Each structure stands twice: as C-alpha cells, then as structure tokens.
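Quick caveat, the model's predicted, so the values are computed rather than measured. We use all heavy atoms of the structure for the numbers below, so side chains are in, but hydrogens, waters and symmetry mates are not. Both counts, for ligands and for their atoms, begin at 1 and track the order of listing.
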Amino acid sequence: MFSYRHAFHAGNHADVLKHLTLIATLKHLMHKDPGIQFVDTHAGAGLYRLDGDYAEKSGEAADGILKLLATKDLAKIPALQDYLDMVAGFNSGGSTRIYPGSPFIMHRLLRYEARDRLKLFEMHPTDHKSLTGNIEQLNAGRTVSVTRADGFESLKALLPPPVSTSGSRRTCVLIDPSYEIKNDYYRVIDCIQDSLKRFATGTYIVWYPIIPRPEAHDLPRKLKTMCTQLKKPWLHATLAIGRATGGDDTGLSASGMFLINPPYTLKPLLNEALPIVAKALARGPGQSWAVESGG
Ligand code: SAM
C-alpha cells in the first residue's frame, strides 16, 4: 500500500497546478480577519530536495517547476508570481534546490496574530518522520500539529472547526491522496459528502490525477453532481502537459483540482495563469488547460 513517495514527484506539473491554486486560494482567505483552521489530510514530507536521490532519479521537477523557472519572458501575472515567489522563498543564491510541499506552503501563509492553525496528517512512517523533523525546525508550537493517522478519518473530528476569537468558524481543507489504491477515489467522495454535512461553508480542495481509469474520470463528475444537488459553488481546473514525442513517456501528464466553496477571485486568477503555465510546460500533443465553475 505504501509504495508512493512524493519525493519522486515533488515540483512536477501536478504540483505546479496544485500549489499555484492552493496559494491563490489561501491568499484570498487571509484577506478576512478571523483566524482559520487549515487541514492537510495527506501532507507528505513537507520539504523536498530537488538535487536529492529521489528527485534526480525521476527528474519530474524538470518538466515542472524547473521548466517554468527556465522559461524566458514569463509573463508576470499575480497568481503565477505568488507561486514562484513562494518557491524562491525556500531557496537562495539563484538556484532552486528545495521544493516546498503543501505543509510548508500553508505554514508560510499562516497568520500567527490571527491564531490560524494548521493540522497535518501523514500515514507513511518515513514521510511522517521527515515531516515531524521538518516542522520541528519551525518552532511553531501549537500553531502546527503533525499526526501519523488516516487523514480522511481524522478530518471528521476537526469539523466543524473551533470558534475563532472573533466568534466565527472557518476552515480550508486540502485533500491530496496518492490514489495508489482505487479506494482513494471513493474515499474522497465520501469524505467531501461527510465534511459538507459537518461544515457546509468550508473550502475543500481536492487534487486528482487525470489517467485512463474510470474512477479518475468519474471523480470530478461525481463531485460536480454532489455540489449541484447541495447547491454549493464549485471550481474545476485542469492542466495537461501533453505527450512527449519519443523517449520514455509513461508518467502522469495531466491532473485536476476540484474546489468546493472556492474564493470568487480564483477563476479569473487561474484563467490568467494557466494558459501561460500550459504553454511553458508543454511537452507535445495533448497540452491543454481548462477552468470551469458552477453553483
Ligand atoms: N500534499 C502533499 C504536497 O502537496 O506537498 C503531497 C502529498 S502526496 C500526493 C500523498 C501523501 O499521502 C503521501 O505522502 C502518502 O504517504 C500519504 N497517505 C496515503 N494514504 C494516506 C492516508 N489515508 N492518510 C494520510 N496520509 C496518507
């Protein structure tokens, strides 16, 4: 079950889509004063070396963040710039050796004065150990917690979120499984359904791979149907980098993000950023991007 290690994939095109969307969403949520609870149900190790064994073996960042950074005359548009600034903030001396995973991206955006909280869950023993060690360096105290537990199950106890000092309840949840087992697709649907019952106004962010598998194809369709029935706003963004002509091309080439209760600012930001990202990361035929919304 536990063969997936995010270190092989850190900074790839799927991380670019996921983290660009995550940052744009969080930045909007931070505009409001009350404190917010962030949850990362599948956190990974938190920080990744792009010059380490795992990343060098897979070379996936070369088709993702490193390719984006190497693109000449990249248009300076807000969501893209925020993402690139975030990655640059973990590196110095002009080279990109460290890639921040979602826990560190979320932590960077936390407001200690607003008493934002970050709850991280990771099941893999090695990644949990790395994550714990990485988070300890932050001396974040009670602001950040790391638990070795099932993220889907653990989320239940966190919803509804606690009342903030200003009397409101707010949460934003990233659900980013590895989909190693096909049950993950069903668990995502159940998790969203249950979470909306517990806390209907939370912002829920789901990443999923676009692969030729019925469960992957059905996931956004089922989420859309659920949102329509529950009258919940949703946003669906996809990025495909196309197939390389020649060479080994068996890896993931497309992925999607599905958000429930997304910020209203997200659609225009992604509509501006994704065509530039898709063009910069294009490998060959099949390159595309799309943003749709409803509710
Ligand atoms: N969210 C991370 C990021 O963006 O940097 C990447 C996470 S990676 C795609 C998925 C992680 O979920 C893996 O590290 C895997 O070990 C972990 N995992 C798998 N099943 C889990 C579960 N039921 N609960 C918590 N973590 C799980």
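- Taking only nitrogen or oxygen atoms, main chain and side chain alike, S178 does not reach within less than 3.5 Å of ligand 1.
- Here the side chain of R148 pairs a donor or acceptor atom with the backbone of M123 at under 3.5 angstrom.
- Under 4.0 Å from ligand 1, not a single heavy atom of A10 appears.
- For the pair H9/Y48, no side-chain contact is recorded, criterion being any heavy-atom separation below 4.5 Å from C-beta on.
- Between D190 and R187 no salt bridge is recorded (no basic side-chain N to carboxylate O distance below 4.0 Å).
- Using a 4.0 Å cut-off to heavy atoms of A43, the atoms of ligand 1 that qualify are 1 (N), 2 (C).
- T41 places a side-chain N or O within 3.5 Å of a backbone atom of L174 that can act as its donor or acceptor partner.
- Not less than 6.0 angstrom separates the ring centroid of F121 from the ring centroid of H128.
- Counting the atoms of ligand 1 from 1 in the order shown, those under 4.0 Å from a heavy atom of D176 are 1 (N), 2 (C), 3 (C), 4 (O), 6 (C), 7 (C), 8 (S), 9 (C), 10 (C).
- Residue contacts with ligand 1 for D127 involve side-chain atoms from C-beta outward but no N, CA, C or O (heavy atoms, distance under 4.0 Å).
- Remark: R213 is not positioned above the aromatic ring of Y179, lacking an NZ or CZ atom under 6.0 angstrom from the ring centre and at most 45 degrees off the axis.
- Ligand-side atoms of ligand 1 in range of D150: 23 (N), 24 (N), range being under 4.0 angstrom from any heavy atom.
- Compare H19, M123, H9, E122 by their heavy atoms: the one nearest to atom 11 (C) of ligand 1 is in E122.
- Not less than 6.0 angstrom separates the ring centroid of F38 from the ring centroid of H107.
- With rounding to the nearest 0.5 angstrom, the CE atom of M226 is 4.5 Å from the CD atom of Q193.
- Short contacts between ligand 1 and G101, defined as distances under 4.0 Å to a heavy atom of the residue, involve ligand atoms 5 (O).
- Comment: D15 engages K18 in a salt bridge, judged by a side-chain N to carboxylate O separation of less than 4.0 angstrom.
- For atom 27 (C) of ligand 1, the nearest non-hydrogen atom from the set R5, H42, H128 belongs to H42.
- Not a single heavy atom of G46 lies less than 4.0 angstrom from ligand 1.
- Residue-ligand proximity, A149 to ligand 1, at heavy-atom distances under 4.0 Å covers atoms 24 (N), 25 (C).
- Atoms of ligand 1 found under 4.0 Å from any heavy atom of G151 (numbered from 1 in listed order, with element): 22 (C), 24 (N), 25 (C).
- Heavy atoms only, all atoms of each residue included: L235 and P262 are closest at CB-CG, 3.8 Å.
- Geometrically, ligand 1 and L174 share no nitrogen or oxygen pair separated by less than 3.5 Å.
- Residue contacts with ligand 1 for A45 are absent, since no atom lies close enough (heavy atoms, distance under 4.0 Å).
- Of the candidates D15, T41, N183, it is T41 that places a heavy atom closest to atom 25 (C) of ligand 1.
- Counting heavy atoms closer than 4.0 Å to ligand 1, residue E180 contributes nothing at all.
- Near K18, with a cut-off below 4.0 Å to any heavy atom, the atoms of ligand 1 are 3 (C), 4 (O).
- Per-residue contacts place G44 under 4.0 angstrom from the following atoms of ligand 1 (heavy atoms of the residue considered): 14 (O).
- In this structure, N91 contributes its side chain and V87 its backbone to a donor-acceptor pair below 3.5 Å.
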Next item on the list: Report the C-alpha separation of Y99 and H19 in whole Å, then their side-chain angles, then the decisive distance to 0.1 Å, and conclude whether the side-chain hydrogen bond (donor to acceptor under 3.5 Å, both in side chains) test is met.
Entry: CA-CA 11 Å; Y99 188 80; H19 295 150; 2.7 Å; yes
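- Looking at H6 next to ligand 1, no N or O pair under 3.5 Å apart turns up.
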